[in-house]
Amino acid sequence: MESLTLKPLKTVRGEVTLPGSKSLSNRILLLAALAKGQTRITNLLNSDDVSHMLNALTLLGVSYELSEDRTACTVNGLAGVFNVDAATTLFLGNAGTAVRPLTAALCLSGGSFEITGEPRMYERPIGDLIDAMAQLGADVTYLKDEGFPPLSIQGKALAGGKVTIRGNISSQYLTALLMIAPLLTSDLEIQVDGELVSKPYIDITLDTMAKFGIQVANNNYQSFTVKGNQTYTAPGEIMVEGDASSASYFLAAAAIGAGPVKVHGTGNASVQGDAAFARVLEQMGAKVEYSDYWIEVTGTGELNGVDVDLNHIPDAAMTIATTALFAKGPTCIRNIYNWRVKETDRLSAMATELRKVGATVEEGEDYIHITPPASLTSAAIDTYDDHRMAMCFSLASFGDADITINDPKCTSKTFPTYFDEFSTLRVE
Ligand SMILES: O=C(O)C1=C[C@@H](OP(=O)(O)O)[C@@H](O)[C@H](O)C1
Ligand SMILES: C=C(OP(=O)(O)O)C(=O)O
C-alpha cells in the first residue's frame, strides 16, 4: 500500500480556493437531472463521490456535457422521474449522497434497478429510508442483509400521504425523501420520529430545492409538507459553493501553525453547516474572521481544550479531534454517535490512531475524550479507506515527529488533491 510521510511542520500561511462542496454537487446534479430545462453547473467537485453520481445519471438516460477538468457540467433535465427500459445496476461506491437520494428517486421511476457499492456501503444502514418509502408503497428488496444495501427496486408512480421517518442515524434519509416529494402524485406530509441528527444538512437540501423552484413547509424540523405533482425547474446557471468540510483542515492548520490561512468559497453567506467549524477554533483560542465568501484563521500561539456538542457538524468535528492534540488540556466531542456508521467506525478509528501518536483517549458510545500528549510520537497512521481520517491526521505533522499517512489516495472520495494543497501552506 502506498504511504506518504509528512515531515514535521511548524508554520503555515497562505490562501486556498476550495473545491466544490460534495453535498451541494450531488444534490444539484440530481435535481438538474429531474428538472425541466438545462442547468449549467460551475465549480462542481471532481471526486469519486461525484463521479458515482455522474455515472449513475448516464445509466439512467440523462445527457450532460462535462468539461475536461470535470468542474463544469451542463445537464439536460428530464422534466420528471427516470424511465429506463432495461434492468439497470448502479454501482455507487461508498457515496451516501448518491445512494440515499437515488434510492428514493428510483422508487418512483420507471424501471427495474439494483443499487450496489463498496463493501463498506453494505454496512451503512438504509433501513430508515426504506421503511419510509415502504409507507408510500415503494417496492424495495434487500439483496443481502436486512436494512442495508445492496438493494433491488421495482420503480412505479407513487402517491404522497403521510409518512414517518426516523432521523437519529442520518439526515440523508430525510434529505432523500424531501427531494423526491414534489414528484409524488399527491401532497406529502413528513413527520420526523425522534431526534434529527446533522440538521444543517437539511438546510442544504431545502435551499437547493428552492433554487430549483420548490418550496417546502418546514415546521421546526419536526414535520414538513411538500405539494405533489410538481416539476423542478432548471435555474440556468448555478455555482457550487466551496466545500466547508474540506476547509476545516486548512483552518485548523492555521490555528495550530500560526497562519493566517484564508479559504475562499465558503463564509457567512454559505448554506453549509460546516462553515460554522471556525467558530469552534475561535472557542479554542484562534482568531477568526468571516466575510460572506471567505474565512480566515490566525493562530494566537495558544489553543485550549473544549467540551463541545458537535452533532450539527459531524464531518468537520473530526478535524477538532486532531486539533485537540495541540491544545492545552483535554477536549471532549459529544453527540457524535453516527460517526460509527460512516466511511468507517470513526469513533473507534479516531481513538486508535490518536493513541498511536501518544494521546490518552476515552472512546464513549457517542463521544470521544482526548488528552493530548506532552509531545507527539512518530507513527504510521492507518486511514481505514476514510478520506477524513487521512486529511485529519495531516495535522499531526505539527508535532516534532514524522507522521506517515497510509493510503493517502483515499482522499479521492471528496478531495483528490488534498495533500498537494496542504503542502502549499508550509512555511520553511
Ligand atoms: O446530506 C449530506 O450531504 C451529508 C450529511 C451528513 O451525513 P449524516 O446525515 O448521515 O450525518 C454528512 O456526514 C455527509 O458527509 C453529507
Ligand atoms: C460521511 C461522509 O460521506 P457520505 O456522504 O458518504 O455519508 C463524509 O464525507 O464524511
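All figures in this text were calculated on a predicted structure; none of them were measured in a lab. Note that ligands are numbered from 1 as they come in the structure, with each ligand's atoms numbered from 1 the same way.
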Would His264 and Tyr293 count as a ring-ring contact (aromatic ring centres under 6.0 Å, His included) if you check the C-alpha gap in whole Å, the side-chain angles of each, and the deciding distance to 0.1 Å? CA-CA 6 Å; His264 294 271; Tyr293 304 107; over 10 Å; no

For Lys413, the ligand 2 atoms whose distance to one of its heavy atoms is below 4.0 Å: 3 (O), 4 (P), 6 (O)

Winner among Ser23, Pro200, Pro101 once heavy atoms are compared against atom 3 (O) of ligand 1: Ser23

Hey, which atoms in ligand 1 end up nearer than 4.0 Å to a heavy atom of Thr97? 2 (C), 3 (O)

Protein residue, atom and distance nearest to atom 10 (O) of ligand 2, heavy-atom basis: Arg388 NE, 2.6 Å

How long is the span from the CG atom in Asp139 to the CG atom in Leu106, to the nearest 0.5 Å? 12.5 Å

Close N or O approach (Gly96, ligand 2; < 3.5 Å): yes

Could you tell me the separation between the CG atom of Leu151 and the OG1 atom of Thr116, rounded to the nearest 0.5 Å? 10.0 Å

The atoms of ligand 2 lying under 4.0 Å from a heavy atom of Asn94, numbered in the order shown, are 6 (O)

Considering the heavy atoms of Arg124, write down every atom of ligand 2 situated less than 4.0 Å from one of them. 4 (P), 6 (O), 7 (O)

Value for CD (Glu118) from CG (Asn94), rounded to nearest 0.5 Å, stands at 5.5 Å

Atom 7 (O) of ligand 1 sits nearest the protein heavy atom Lys342 NZ, 3.1 Å

If I take atom CG from residue Leu325 and atom SG from residue Cys392, how far apart are they, to the nearest 0.5 angstrom? 10.0 Å

Residues Ser248 and Thr319: side-chain donor-acceptor under 3.5 angstrom: yes

Does one side chain, of Tyr221 or Asp203, offer a donor that lies under 3.5 Å from an acceptor on the other? yes

Qualifying residue, where the test is side-chain hydrogen bond (donor to acceptor under 3.5 Å, both in side chains) with Arg334 and the options are Asp309, Asp366, Asp307: Asp307

Short N-O contact, Arg340 and Glu123, less than 4.0 angstrom: no

Is it true that Arg100 lies under 4.0 Å from ligand 1, counting heavy atoms only? no

Under 3.5 Å between some N or O of ligand 2 and some N or O of Asp49? no

Side chains of Ser152 and Tyr142: donor-acceptor distance under 3.5 Å anywhere? no

Does Asp386 pair with Arg346 as a salt bridge, N-O distance under 4.0 Å? yes

For atom 16 (C) of ligand 1, which protein heavy atom lies nearest, and how many Å away is it? Gln172 NE2, 3.4 Å

I want to confirm something. Looking only at heavy atoms, which of Glu343, Gln172, Met121 is nearest to atom 3 (O) of ligand 2? Glu343

Proximal ligand 2 atoms for Thr97, defined as those under 4.0 Å from one of its heavy atoms: 5 (O)

Within 4.0 Å of some non-hydrogen atom of Asp315, the atoms of ligand 1 are 12 (C), 13 (O), 14 (C), 15 (O)

Check ligand 1 against Asn338 and write out every atom of the ligand that is under 4.0 Å from a heavy-atom position of the residue. 8 (P), 10 (O), 11 (O)

Which of the ligand 2 atoms, numbered from 1, are nearer than 4.0 Å to a heavy atom of His387: 8 (C), 9 (O), 10 (O)

How far does CG of Asp385 sit from CZ of Arg120, to the nearest 0.5 angstrom? 10.5 Å

State the CG-CZ distance between Leu45 and Arg70, to the nearest 0.5 angstrom. 10.5 Å

For atom 9 (O) of ligand 1, find the nearest protein heavy atom and state the residue, atom name and distance (0.1 Å precision). Ser171 OG, 2.6 Å

Please work out, at 4.0 Å between heavy atoms, whether the side chain, the backbone, both, or neither of His52 comes within that distance of ligand 2. neither

Taking only heavy atoms of Arg27, which atoms of ligand 1 are found under 4.0 Å from at least one of them? 1 (O), 2 (C), 3 (O)

Kindly give the heavy-atom pair with the smallest separation between Phe277 and Ile313, and that separation in Å. CA-CD1, 4.1 Å

Output the list of atoms in ligand 2 that are nearer than 4.0 Å to some heavy atom of Lys22, sorted by atom number. 2 (C), 3 (O), 4 (P), 5 (O), 8 (C), 9 (O)

Measure Ser170 to ligand 1 on non-hydrogen atoms and call it side chain, backbone, both or neither using the 4.0 Å cut-off. both

Where does Asn26 meet ligand 1, judged by heavy-atom distances below 4.0 Å: at the side chain, the backbone, both, or neither? neither

Kindly confirm or rule out an N or O of Lys342 lying under 3.5 angstrom from an N or O of ligand 2. no

